[in-house]
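Heads up, the thing below is written out as structure tokens.
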Amino acid sequence: DVKVTQSSRYLVKRTGEKVFLECVQDMDHENMFWYRQDPGLGLRLIYFSYDVKMKEKGDIPEGYSVSREKKERFSLILESASTNQTSMYLCASSAQGRDTQYFGPGTRLTVL
Amino acid sequence: SQQGEEDPQALSIQEGENATMNCSYKTSINNLQWYRQNSGRGLVHLILIRSNEREKHSGRLRVTLDTSKKSSSLLITASRAADTASYFCATGLTGANSKLTFGKGITLSVRP
């Protein structure tokens with residue numbers, strides 16, 4: 001079974017802090033994705049990566065950056081956290097040429 | 001912009017009844033998928049239907065796709081309390097590099 005893990009289930013940070021959310025998948029997938037999920041808005045794509053060191057902006061990249069130095073790991077970075085970044089963050093991966101995405105359990109981030 | 005829109009937003013049924021959920025989308029797609037999310041968890045892939053398919057089955061799940069109407073429906077037969085969850089449709093666009101666009105979700109409650 002594909003396993004996607006995220007570094008924290010719950011995280012509380014203060015405004016202005018730099019925040020790292022990490023995602024690791026164990027199935028050698030080429031594609032990895034970061035979403036945020038907010039009530040009434042569904043899932044929105046922040047960034048995705050289809051190869052090591054490759055990244056593309058999703059629908060809402062502002063205020064975020066990403067890093068993919070190794071194939072299995074995709075990090076989401078909040079350079080200076082703000083209260084409007086309080087949300088559930090979901091990581092997913094998929095194999096190249098395959099459309100099904102596999103999700104991690106999510107990180108609920110609260111920015112105070 | 002949101003591609004998939006689910007209907008209804010919330011559905012409450014009795015155990016043993018069938019649950020039907022609908023999804024409409026706006027542009028041409030390569031595939032349409034349904035995912036389930038239990039409260040506070042990540043999404044789990046349920047079923048995928050390609051644009052050249054009209055109907056697919058998986059266990060108690062039946063999904064249909066009508067590309068002329070740009071709509072899909074997910075039927076869960078003989079529902080169980082454990083089916084209580086949020087359900088999302090996601091569309092994959094041609095040439096979109098495995099990206100998916102998710103709807104806002106349907107909350108299904110199955111009463112024991």
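Naming: A, B, ... by sequence-line order, numbering from 1 per chain.
- Judged purely by distance below 3.5 Å, without hydrogens or angles, the side chains of A/Ser8 and A/Thr107 never pair a donor atom with an acceptor atom.
- One finds a salt bridge joining A/Glu30 and A/Lys71 here, because a Lys/Arg side-chain nitrogen approaches an Asp/Glu carboxylate oxygen to under 4.0 Å.
- Among residues 43-52 of chain B, the residues having any heavy atom closer than 4.5 Å to a heavy atom of chain A are, in sequence order, B/Leu43, B/His45, B/Leu48, B/Arg50.
- Chain B forms the most heavy-atom pairs under 4.5 Å with one residue out of A/Met88, A/Gln101, A/Arg108, and that residue is A/Gln101.
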Problem set entry | Residues B/Thr64, B/Ser73; criterion side-chain hydrogen bond (donor to acceptor under 3.5 Å, both in side chains); working and verdict | CA-CA 5 Å; B/Thr64 61; B/Ser73 67; 2.7 Å; yes
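- In this view, A/Tyr47 satisfies the ring-ring contact (aromatic ring centres under 6.0 Å, His included) rule with no residue, not counting sequence neighbours.
- For A/Ser94, the part lying near chain B is the side chain, with the backbone staying farther off; criterion is any non-hydrogen pair under 4.5 Å.
- Residue with the most contacts toward chain B among A/Asp38, A/Thr100, A/Leu90: A/Thr100 (heavy-atom pairs, distance under 4.5 Å).
- Contact annotation for A/Gln96: neither backbone nor side-chain heavy atoms come within less than 4.5 Å of a heavy atom of chain B.
- At a cut-off of 3.5 Å, with distance as the only test, no side-chain donor of A/Tyr35 or A/Gln37 sits close to an acceptor on the other residue.
- In terms of modelled atom types and a separation under 3.5 Å, the side chain of A/Gln6 and the main chain of A/Gly106 share a donor-acceptor contact.
- With a 4.5 Å cut-off on non-hydrogen atoms, B/Gln37 touches chain A through its side chain but not through its backbone.
- Paired with B/Arg111 under the rule side-chain hydrogen bond (donor to acceptor under 3.5 Å, both in side chains), one option of B/Glu15, B/Gln14, B/Glu17 passes, and it is B/Gln14.
- Residue contact with chain B, scored on non-hydrogen atoms closer than 4.5 Å, involves the side chain of A/Arg9 exclusively.
- Note: the hydrophobic cluster containing A/Phe48 does not contain A/Tyr64 (ILVMFWY, side chain heavy atoms under 4.5 Å, direct or indirect links).
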Problem set entry | Verdict with supporting geometry, B/Asp66 and B/Ser71, side-chain hydrogen bond (donor to acceptor under 3.5 Å, both in side chains) | CA-CA 5 Å; B/Asp66 186 335; B/Ser71 68; 5.1 Å; no
